[in-house]
Structure formats: C-alpha cells, structure tokens
Participant: 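First, the structure itself, so that you have it in front of you.
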Amino acid sequence: MRIVFMGTPDFAVRSLQALLQAGHRVTLAVTQPDKPKGRGNKVQFPPVKQAALAAGVPVMQPLTLKDPAVQDAIRAEQPDAIVVAAYGRILPQAVLDIPPLGCINVHGSLLPRYRGAAPVQRAVLNGETQSGITTMLMDKGMDTGAILLTAACPIPPDMTAGELFDKLADIGAQLLLRTLDERQAGRLPGTPQDDALATYAPMLTKQEAELNWALPAQQLHNQVRGLNPAPVARTVMAGLPVKIYRTAAGGPVKGRPGTVASTSPLTVVCGDGTGLELLEVQPDGGKRMPAAAFLCGHPLKAGQILAEKEF
RNA sequence: CGCGGGGUAGAGCAGUCUGGUAGCUCGUCGGGCUCAUAACCCGGAGGUCAUGUGGUUCAAAUCCCAUCCCCGCAA
C-alpha cells in the first residue's frame, strides 16, 4: 500500500517502522519542523525524522498543512492511506480528502475516552487500570472520527506513563497493520463514537508537576507515575527542588502531611494518613539516584518537614 | 552565542569565598556486643580532588586559563 506517514515523537516511530517492515511503501514522512531544543538551544530532529532518514524515506516538515503547495505535494504521492500518529497538528479537510482509504489515526486510548493530546499520561494520572489503542478514521474534530479497531492494555499499579507509552506504541503499531489490511479489504467501514461518553486529556502543564502532600498517597503515586518521564513530579527536599521519578504507596503513618515519617525507606506523610515511599529522586543539578543515596549527602530525619510549604 | 548548577574514596555530599594535615554520611572489610539482627560499639582499607609535561605561588581540591563530561531551568 502507498502510504504517507505523519507523526513526530517516539510513540510514532514504532508505527512508521512497522509499516516499513510489513512492506508498505511509505513514500513520504511528514513531521514537525526542526526546532531549537534543550540546553544550548541546539536544533534537534524530531524522532520520526531521524527514523525516516535512517530508512531512506523522504521527509517533509511544513509549517502548516493549510499551504496548498504542501497539500499538492502530499497529493502527488497518490497515497492509498495517510497514517497519522501523534503528529501534533490539525489536518485540514483538503488533506483528509486526499487518500481513498482515509486518514487513519493511531490514538493512545480507548476512544471516546481520553480524546486529546495526552491520553496516555492522563490515564495513568487518573489511576486507570486499563488503557489501549484505538485506530480511527480522522475527521475534522479532535479525535472524534469513526472507530476502526481497538486493543486494550492493562495498566499495572506501578507502571509509569513512559512504560505505558512503550507498550502502547508496540500495540499501536500492530493494530495499525491489521487496520490497514482490513480497511483495504473493505471490511472496516468504521463505527461512530458515542460523544456522550467522551472525556478529554489535555496536555500536561508544569503546574501539575508539584506534589501536594495534603492529597492521598495513592493519588500522589499516580501523579508521579503519570508525569514520568516528563515533565516529572517535583517537590522540595532538604531545601532543594527535586524531581520524584518513582514512588510506592505505603501503609498508615503518623504525623502531619509533608513530614518525613521514616528514612528507610524514605517515606512522607500524605493527607490521608498513609505514607508515600520515595524511591528514585533527582535534585536540581544532580543525577537521578535512589532515595537512599540522596539521604547520604542530604540528611533528613523522621519528623522533619519535607517541604517548606504548609498544607 | 538563551539562563544556571556540578565533576573530591564504591554511592551521596562538605571543604573552594579567606591557598598550607583529605573530611562527613552510607556501603565495604575485620573485630566486639547480642538468642539474634539491616540495630549498636571499636578498628581498617579505599582518593592522580574531571582533564591539561597549563599559568600564578615557597605551597593549589582551593586562585587564573583552556578542554572534556554530567545535570536543572527556559524555549
């Protein structure tokens, strides 16, 4: 099948590679423009661009898909289908109309739940025990198109958003191949979504990264998981801003929320009277390390207030 | 030229401003205590102080210069 691929981050790379391995002819990869990123503002290629270049697939990085010249370029590829995975831009109707088999999106949730930019992180953040992948026929709305196929995936209690991302990327790639096969065979007309059941998963913001010890331990644990690997939960320990990468919900503890209940393992009192064990942390300017290592150089005692804030 | 923190024992840190004996917590090894222990006590080993036949100095982890590497913020 002739395919134009649109995607940007790592999540999309698996799907691109799966298409190539399955023998589909990906004649063009459309991805976001290179941007100065990271320390020093160096220009970095989006992961999909790197993967496409490595595979010898031509890359296009338009500023907007509304540009008729861009649309013409895509049309000129005469794709049977356009595959979209976390591209990050709205597709105008003129583009949606190009491929005869439609624009097929690989979305990281079981639609109509978690429409939007951050379905994977939001699912973990909300403590969902199940997520999945939906392939759908794109329309003008935000993740509102007809459902083609779905595949569910359990979320274990300690799984991070990053781990779920990896898993879903694999599942999504496989589901995509099946979707294309069946769609090509004419067996997948698509099922409309029930808008009444729709929920939304907006992008994560920095403000959501701060841990509020007045909240229940389980909720904070979910927050830590959902924000890993980015932007990562934050708090203040021993006067230093630190990121919290991994935690474990512990048992009942005594003390005011935000105080240290124990130092081995490092446990903080939460709002519901249970403890949250901090397992892996990273101080500003330092590397990720086990909490025990942090304690070697930054002594904390039981009963001490962890954050300077009062809750 | 976006802003900033850092590289000292296996790990995490102090010491750098005000140059002069290599320090702390943990780990590790040995011994002791104990019914026993991840607990406690005593003792030991372990460091080219990122790199540089660099500069200054009587003397550099410390001041100056250059290079490499790690990380936080912002975008």
Side-chain angles (χ1 to χ4, degrees), chain A residues 7-13 30-50 59 61-64 86-90 116-118 121 125 160-163 165 202-213 220 223-255 258-268 275-309:
Chain A
T8 302
D10 286 313
F11 179 78
V13 170
V30 181
T31 192
Q32 301 254 5
D34 301 336
K35 285 177 190 168
K37 273 186 180 175
R39 199 176 301 123
N41 282 340
K42 292 173 191 130
V43 173
Q44 279 186 325
F45 293 173
V48 162
K49 178 177 180 179
Q50 295 178 28
V59 173
Q61 299 175 278
L63 287 172
T64 172
Y87 173 51
R89 295 277 164 102
I90 302 290
Q121 297 94 319
L125 212 54
T160 65
E163 290 163 352
F165 251 115
M203 270 197 303
L204 301 174
T205 65
K206 298 279 181 187
Q207 290 94 356
E208 295 176 83
E210 194 71 24
L211 293 176
N212 177 355
W213 299 108
L220 292 170
Q223 185 178 353
V224 169
R225 296 191 296 139
L227 298 179
N228 178 347
V232 185
R234 302 181 136 279
T235 189
V236 174
M237 278 169 59
L240 276 177
V242 284
K243 291 183 171 184
I244 309 294
Y245 281 88
R246 281 192 183 273
T247 53
V253 292
K254 292 184 177 180
T259 60
V260 178
S262 152
T263 54
S264 66
L266 180 56
T267 305
V268 181
L276 186 69
E277 297 177 13
L278 308 185
L279 304 179
E280 193 176 15
V281 305
Q282 177 180 32
D284 259 18
K287 293 187 173 186
R288 285 172 68 156
M289 64 185 82
F294 180 84
L295 288 175
C296 284
H298 308 85
L300 285 172
K301 291 173 186 169
Q304 193 166 339
I305 296 175
L306 188 68
E308 77 259 351
K309 289 186 188 174

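Throughout, a chain's letter reflects where its sequence line sits, starting with A, and its residues are numbered from 1.
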Participant: Please tell me whether Lys35(A) and Gln44(A) have a donor and an acceptor in their side chains that are separated by less than 3.5 angstrom.
Facilitator: no

Participant: Can you measure Asp284(A) atom CG to C71(B) atom P for me and round it to whole angstrom units?
Facilitator: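 One finds 14 Å between P of C71(B) and CG of Asp284(A), rounded.
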
Participant: Using the C1' atom in both, what is the distance from U28(B) to A11(B), to the nearest Å?
Facilitator: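 Pairwise C1' distance, U28(B) against A11(B), rounds to 11 Å.
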
Participant: Would you compute the distance between atom OG1 of Thr8(A) and atom CZ of Arg89(A) and round it to the nearest 0.5 angstrom?
Facilitator: 8.0 Å

Participant: Using the P atom in both, what is the distance from G15(B) to A74(B), to the nearest Å?
Facilitator: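 Straight-line distance between the two P atoms is 27 Å.
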
Participant: Rounded off to whole Å, could you give me the NZ-to-C1' distance for the Lys37(A) and G2(B) pair?
Facilitator: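 Distance check: Lys37(A) NZ to G2(B) C1' gives 16 Å.
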
Participant: Please give me the minimum heavy-atom distance between Ala209(A) and Val232(A), naming the atom from each residue.
Facilitator: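 Between these two residues, the closest heavy atoms are CB-O, 3.5 Å.
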
Participant: If C33(B) has a Watson-Crick or G-U wobble mate with both distances under 3.5 Å, name it; if not, just say none.
Facilitator: none

Participant: Taking only the side-chain nitrogens and oxygens of Lys243(A), find out if one of them lies under 4.0 Å from OP1 or OP2 of C73(B).
Facilitator: yes

Participant: Can you tell me how far C1' of C71(B) sits from CZ of Arg234(A), to the nearest Å?
Facilitator: 12 Å

Participant: Taking N and O atoms by type only, does the side chain of Arg39(A) place a donor or acceptor under 3.5 Å from a partner on the base of G72(B)?
Facilitator: yes

Participant: Nearest whole angstrom, please: distance from the P of A75(B) to the CD of Gln44(A).
Facilitator: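 Between P of A75(B) and CD of Gln44(A): 16 Å.
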
Participant: Quantified in whole Å, what is the C1' atom distance between nucleotide G44(B) and nucleotide C35(B)?
Facilitator: 29 Å

Participant: Between C63(B) and G72(B), how far apart are the two P atoms, rounded to whole Å?
Facilitator: 26 Å

Participant: In the strands shown, is C3(B) matched to any nucleotide by a Watson-Crick or G-U wobble pair with both distances under 3.5 Å, and which?
Facilitator: G72(B)

Participant: On the nucleotide C73(B), are OP1 or OP2 found under 4.0 Å from the side-chain N or O atoms that Lys206(A) carries?
Facilitator: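 No, Lys206(A) has no side-chain N/O under 4.0 Å of OP1/OP2 on C73(B).
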
Participant: When the C1' atoms of U53(B) and C24(B) are compared, how many Å lie between them, rounded to an integer?
Facilitator: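 Taking atom C1' in both C24(B) and U53(B), they lie 35 Å apart.
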
Participant: State, with a plain yes or no, whether a side-chain heavy atom of Ile244(A) is found less than 4.5 Å away from one of Thr235(A).
Facilitator: yes

Participant: Relative to the 5' end of RNA chain B, which residue comes earlier, Pro231(A) or Pro283(A), by the nucleotide with the nearest heavy atom?
Facilitator: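 Counting from the 5' end, the first nearest nucleotide belongs to Pro283(A).
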
Participant: In whole angstroms, how far is the C1' atom of C13(B) from the CG atom of Leu240(A)?
Facilitator: 11 Å

Participant: Of all heavy-atom pairs between Pro33(A) and Pro46(A), which one has the smallest distance, and what is that distance?
Facilitator: O-CG, 4.4 Å

Participant: Whole Å only: how far is the NZ atom of Lys287(A) from the C1' atom of C13(B)?
Facilitator: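 Spelled out: NZ on Lys287(A) to C1' on C13(B) is 15 Å.
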
Participant: Between G46(B) and C29(B), how far apart are the C1' atoms? Round to whole Å, please.
Facilitator: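 After rounding to an integer number of Å, I get 10 Å for this pair.
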
Participant: When rounded to the nearest Å, what value does the distance between P atoms of A59(B) and U67(B) take?
Facilitator: 26 Å

Participant: Any idea which of G72(B), A74(B), G12(B) is nearest the Tyr245(A) side chain?
Facilitator: G72(B)

Participant: It should be established whether Gln282(A) places a side-chain nitrogen or oxygen under 4.0 Å from OP1 or OP2 of nucleotide C71(B).
Facilitator: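 So the side-chain polar atoms of Gln282(A) never come under 4.0 Å of the phosphate oxygens OP1 or OP2 of C71(B).
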
Participant: With a 3.5 Å limit on both atom pairs, tell me what U67(B) is paired to, counting Watson-Crick and G-U wobble, or say none.
Facilitator: A50(B)

Participant: Provide, to the nearest angstrom, the distance between the NE2 atom belonging to His298(A) and the C1' atom belonging to C13(B).
Facilitator: 6 Å

Participant: Do NZ/NE/NH1/NH2 and the carboxylate oxygens of Glu280(A) and Lys287(A) come within less than 4.0 Å?
Facilitator: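 Salt bridge flag = no for Lys287(A) with Glu280(A).
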
Participant: Between G54(B) and U62(B), how many Å separate the two P atoms, rounded to a whole number?
Facilitator: 14 Å

Participant: Could you check how far NZ of Lys42(A) sits from C1' of C73(B), rounded to whole Å?
Facilitator: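 Distance, rounded to whole Å: 15 Å.
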
